[in-house]
Amino acid sequence: MTDGTTRVFTWEEGARIEVRNSGGEIVIEANAAGLKTLASHLLTLAQDGTPDGAHLHLGLGSE
């Protein structure tokens with residue numbers, strides 16, 4: 001919730017996203033469901049009324 005507005009983040013079934021630091025560059029590798037999930041999360045953060053600096057922490061999942 002930011003400024004009284006709830007943001008909903010959902011995950012596509014089977015989403016897989018891997019982020020790693022590869023010698024000075026960040027590599028994001030994902031399957032189609034992971035890319036759709038990431039895009040959805042970014043669009044959610046870009047909604048009107050979301051304050052500058054708002055962010056999302058993605059935790060480690062279990063496989």
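Because the structure is predicted, anything quoted here is derived from the model rather than measured.
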Same cluster (ILVMFWY, side-chain, under 4.5 Å), F9 and L35 | no
Tabulate below the donor-acceptor pairs under 3.5 Å that side-chain atoms of residues 39-46 make, not counting sequence neighbours, or state none.
from : atom 1 : to  : atom 2 : distance (Å)
H41  : ND1    : T37 : O      : 3.3
T44  : OG1    : S40 : O      : 2.9

Check whether any side-chain heavy atom of N21 lies under 4.5 Å from a side-chain heavy atom of I26, and answer yes or no.
-> yes
Kindly indicate, with the supporting measurements, whether the criterion side-chain contact (heavy atoms from CB on, under 4.5 Å) is fulfilled by I17 and I28.
-> CA-CA 7 Å; I17 303 171; I28 300 172; 4.3 Å; yes
All salt bridge (Lys or Arg N to Asp or Glu O under 4.0 Å) counterparts of E13, not counting sequence neighbours | none
Answer yes or no: is there a donor N or O on one side and an acceptor on the other, between the side chain of N31 and the main chain of R16, under 3.5 Å?
-> yes
